Amino acid sequence: MAGKFVGKPIPPQDAFLKATGTAPYNYDIELPGMLYAKLVTSTVPHGRIKRINVEEALKVPGVVKVVTGKDIPYMVGMYAGDRDLLAIEKVRWVGHPVAAVIAESLEAAERAAELVDVEYEELPAVFDPLEAMKPGAPLIHEHMEKYRRLPVFKPVPGTNIANKFRVVRGDVETALKEADIVIEEEFHIKHVSHAFMETQNVIAHWHLDGTIEIWTSWQNPNPVRQIMAESFGIPYNKIIVKIPFVGGGFGGKAGLGWEALVAVLSREAGHRPVKLVLSRKEQFTSGACREGFHAFVKAGFKKDGRFIAYDVKYVLDAGGYADYTVNVGRAVAYSADGSYEIPNIRCEAYTVYTNKVPTTALRGFGYSESHWVLEQVIERAAKKLGMDSAEVRRINLIKPGVSITATGERLREDVGNPRKVLESILQEIGWGKPSEKPKEPWKIRAKGVALLVKGPAQPPKAPSSAAIKFNEDGTINLLVSTGNFGQGTVTALAQIVAEEFGVPLESVRVDWIRDTHSAPYSWQTVGSRGLFTDGIAVLNAVKDAKRQIFKVASEALRCPEEYLELVNGEVRVKGKPWMKIPLKDIVMGYSYPDGTSIGGPIIGRGVYMSVHTTNLDPETGQGHPTIFHTYGGTGVEIELDLLTGEIKVLKAVQAFDIGRVINPLLLKQQFHGGFIMGMSIALFEEIKFDERGWVLNPNFTSYYVARIKDVPPVVEKFVETPQADGPYGARGVGELTMIGVAPAIANAIFNAIGVKLNNLPMTPEEVWKAIKAQRPDLIEKAVKEYQKKMKEVKAVA
Amino acid sequence: MREITLTVNGERRKAMVKDNELLLDVLRDKLYVKSVKAACWRGECGLCTVLMNDRLVKSCLVLAVEADGAEILTAEGLVKDGEPSPIQKAFIEKGALQCGFCTPAFVISSHKLLTMNPNPSDEEIRSFLSGLICRCGTYNQIIEAIRGAQKAYASR
Ligand code: FES
Ligand code: FES
């Protein structure tokens with residue numbers, strides 16, 4: 001069914017404001033009488049606070065107040081509940097906020113913050129999660145059993161383990177013995193930053209009557225409210241969270257933010273509004289990033305290529321607080337089997353505290369990590385078996401309607417078509433055909449592929465709702481709390497509504513501001529769920545509104561409802577198009593010529609509730625963790641400079657089974673954007689720490705993010721296997737687009753020269769070292785080629 | 001404190017500034033030109049880029065007093081009678097924006113590139129814009145947008 005709007009490449013509805021620079025972001029907003037806050041942060045990785053001297057700071061003209069942790073001893077959090085607003089008694093990483101200065105101007109706050117003097121009694125610190133797991137390691141959270149956490153998370157009190165999670169299916173031990181080959185490897189990933197362009201920033205106004213007004217740069221308003229209401233014990237309806245335009249999120253604006261802190265600062269400052277804007281350095285050192293990661297795997301295959309056993313242990317370096325990362329530790333385990341059916345599997349995931357910056361979700365969380373490991377395991381096995389890796393993938397690929405996942409879920413018939421995804425990538429990248437020869441003989445070209453699958457990592461009960469409110473002229477306000485931080489989901493939702501009512505797209509408006517007071521509830525905007533969950537809620541709201549409209553129209557036209565239809569913004573009698581009423585004459589109630597009226601203002605409501613997700617068994621991780629699975633993959637052609645270790649991506653292919661294309665332009669943006677972010681993280685990005693836990697590169701000079709010059713062409717392949725319960729058959733995809741990039745690049749290199757790259761990022765230095773260690777002959781040859789060329793050049797000169 | 005005069009998007013504006021105040025802060029906080037964004041405050045991200053006397057500058061690296069008397073052009077200034085300029089239209093059509101936070105800087109920089117050279121090569125576009133960061137990764141769409149707008153600049 002080709003729609004008028006659904007399926008069309010429609011630019012995001014708010015593009016005009018963005019292109020003209022007139023879209024208001026939280027960073028741009030000021031409230032009357034607003035004060036400014038500045039954080040004072042810890043200079044030691046682990047220590048007891050002995051004394052905080054604020055006298056000098058208070059002398060700075062314009063300073064209103066200096067607040068410290070013992071003034072506001074709240075614990076906050078979404079999952080692990082392990083976070084203080086400002087350090088209470090002890091600090092857990094360099095960058096841990098210990099005090100906040102509130103002043104009339106930012107300048108005064110900054111000056112005063114430098115004058116706050118904190119004395120610490122240093123405690124032994126631990127930076128490596130493997131060390132931190134050992135008995136006798138310094139304890140970072142002594143009383144984790146007291147935290148208000150979600151019951152599905154299992155900390156191990158008396159250790160640094162914030163969560164332990166297992167998925168077990170079949171008999172791994174026996175299967176490993178029966179395997180013809182066993183791959184045994186370790187993989188490591190360094191911390192990375194979300195690097196959203198708008199740093200986290202919040203305005204809070206704790207009004208005198210106890211109402212808390214929050215303006216924040218966050219992904220979705222509801223979790224912000226939930227965290228504050230639960231932590232402060234305040235009724236939900238007294239907290240109004242408003243989110244204007246958001247300069248990027250990538251998962252880093254989903255969990256716990258600064259709202260609760262700034263709210264309390266507002267109260268402490270005499271109920272005046274207070275704004276906190278993180279500097280880039282603070283974003284790196286006091287905000288949360290993506291965790292560091294270790295994996296230890298054993299994988300067993302039969303001679304014919306069957307993947308029969310997978311034993312993997314993941315250790316996540318969660319830093320000083322693990323509030324969202326405990327959930328990353330679940331997702332990484334239940335996604336261990338990726339797109340394959342592996343009958344015997346055992347994964348254990350440990351989320352471990354260390355004295356480093358705290359961590360949280362980042363686009364594709366858990367799945368990026370599990371696929372970095374799994375997709376390379378497949379490649380290694382293929383080589384060992386002497387098989388084409390594409391063939392090993394084919395052999396083990398899940399079969400819709402038949403296969404069972406690691407968590408014991410039988411996949412539905414309409415789950416998607418990973419086979420088609422794989423074949424379209426292989427074809428586009430020219431699998432099996434040699435690359436063109438590079439101009440310089442010390443470079444090589446190679447091709448690599450990685451498949452992936454992902455669903456939204458969420459609790460089983462994570463509902464959404466939507467409302468459709470008609471205006472007097474028949475235009476529509478679509479009310480949702482779907483976040484709008486670059487994905488454009490709300491434009492897709494508006495397209496759906498316009499399609500359903502046959503009205504122009506301009507007639508449907510989603511406001512720029514999301515707020516908890518007027519927008520219907522949706523749990524969160526994370527995990528690529530927005531279009532799916534909120535889309536279903538919107539379609540149900542459409543149905544509800546139509547029912548009301550037809551009821552009035554049926555009375556007005558004296559015609560049974562089943563003979564009515566909604567076409568081009570009019571209700572018509574089927575087959576008698578001259579018998580009609582325009583929507584605008586119904587949506588505020590219908591008036592007969594004599595003035596008597598029926599009906600009333602139309603508000604359609606609709607909900608989404610996840611129906612087939614369940615809790616996972618605490619011992620075996622068995623159950624249904626996600627509401628859908630989107631299959632996809634990435635193919636790359638790369639060029640590797642053997643002299644420098646530098647990798648350049650020449651071409652990329654992104655293929656995903658998105659069920660149904662609602663808006664190809666928005667999809668294209670995600671396919672490209674996710675590739676670029678994935679490539680940047682794969683090749684360039686690493687938060688570096690010194691031996692005392694200080695971040696060495698909290699800026700964009702030494703923390704390099706991909707620029708326009710680094711970007712290859714990206715080919716998009718849309719595979720459409722409709723999901724029966726998805727909106728128009730669609731599934732989510734936003735995050736998935738970066739998951740396959742790193743393993744595809746590593747696989748390309750392994751394919752071409754057999755060099756294993758087990759660690760991220762694949763910087764020139766690391767790659768060169770790996771080649772030097774594993775294939776020194778290649779470097780020697782490259783150097784000779786280079787010298788030969790230089791001689792030729794000199795001779796010509 | 002001293003008074004400076006700036007012509008911002010065609011309008012003469014005055015502001016009282018301190019010697020150490022940045023052009024970025026004066027534009028945003030005193031003159032309310034909010035299209036000028038910032039993501040690093042130290043010359044690394046390019047999001048505070050404006051045209052100053054027809055030269056692209058990072059306004060977080062310019063003191064307001066240095067800009068006294070200057071003409072400043074930003075993304076808002078390209079809008080004529082409520083109509084976005086050709087480069088802005090092309091950004092919209094090609095989807096060269098996601099979160100949009102970097103967009104004003106890319107728009108004004110692309111505008112400058114096209115006024116200097118209405119037919120830049122891919123290489124020229126890439127090297128010209130490599131001082132700016134877009135974390136959402138709209139780079140390929142930005143190249144398309146520049147291609148889409150170049151006719152309008154050629155015929156000027
Ligand atoms: S804020 Fe000026 S370059 Fe980043
Ligand atoms: S569109 Fe988000 S940073 Fe460029």
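Side chains included, hydrogens not; waters and symmetry mates left out as well; all remaining heavy atoms used. In what follows, every chain begins at residue 1, and chains take the letters A, B, ... in the order their sequences are listed. Worth saying up front: this structure is predicted, and the values here are computed from it rather than measured.
- If you measure heavy-atom distances from S127(B) to chain A, you find no contacts under 4.5 Å at all.
- Side-chain contact between E198(A) and K37(B): absent, with no pair of heavy atoms (C-beta onward) separated by less than 4.5 Å.
- With respect to R280(A) and E44(B), no salt bridge is recorded, no charged nitrogen being found less than 4.0 Å from a carboxylate O.
- Of the two parts of E107(A), only the side chain, counted from C-beta on, holds a non-hydrogen atom closer than 4.5 Å to a non-hydrogen atom of chain B.
- At a 4.5 Å heavy-atom cutoff, the contact between L132(B) and chain A is made by backbone atoms alone.
- Neither the backbone nor the side chain of K89(B) comes within less than 4.5 Å of any heavy atom in chain A.
- To the nearest 0.5 Å, atom CG of residue L97(B) and atom CG of residue D14(A) are 8.0 Å apart.
- Residue contact with chain A, scored on non-hydrogen atoms closer than 4.5 Å, involves the backbone and the side chain of A38(B) alike.
- Among the candidates N140(B), T103(B), V79(B), V107(B), the residue making the largest number of heavy-atom pairs closer than 4.5 Å to chain A is N140(B).
- Using a 4.5 Å cut-off between heavy atoms, F250(A) touches chain B through its side chain atoms alone.
- Note: D28(A) CG to F101(B) CZ = 6.5 Å, rounded to the nearest 0.5 Å.
- The structure places SG of C134(B) at 11.5 Å from CZ of R707(A), a figure rounded to the nearest 0.5 Å.
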* S680(A) and R135(B): CA distance, side-chain angles, deciding distance, side chain to side chain contact (heavy atoms under 4.5 Å, CB included) verdict -> CA-CA 10 Å; S680(A) 188; R135(B) 181 50 145 180; 3.9 Å; yes
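- Residue E93(B) touches chain A through its backbone alone, counting heavy-atom pairs closer than 4.5 Å.
- Taking the six-membered ring where the residue is Trp, W41(B) and Y27(A) present perpendicular rings, their angle passing 60° and hence far from 30°.
- When heavy atoms are compared at a cutoff of 4.5 Å, P712(A) approaches chain B solely by way of its backbone atoms N, CA, C and O.
- Within the 4.5 angstrom heavy-atom criterion, only backbone atoms of S193(A) (N, CA, C, O) approach chain B.
- The existence of a salt bridge linking E30(A) and R28(B) is excluded, since no basic side-chain nitrogen approaches an acidic carboxylate oxygen closer than 4.0 Å.
- For a residue to count as touching a neighbouring chain, one of its non-hydrogen atoms must lie under 4.5 Å from one of that chain's; by this rule I133(B) touches chain A with backbone and side chain alike.
- Only the backbone of V246(A) comes within contact range of chain B, with at least one heavy atom under 4.5 Å from a heavy atom of that chain.
- Only the backbone of F485(A) has a heavy atom closer than 4.5 Å to any heavy atom of chain B.
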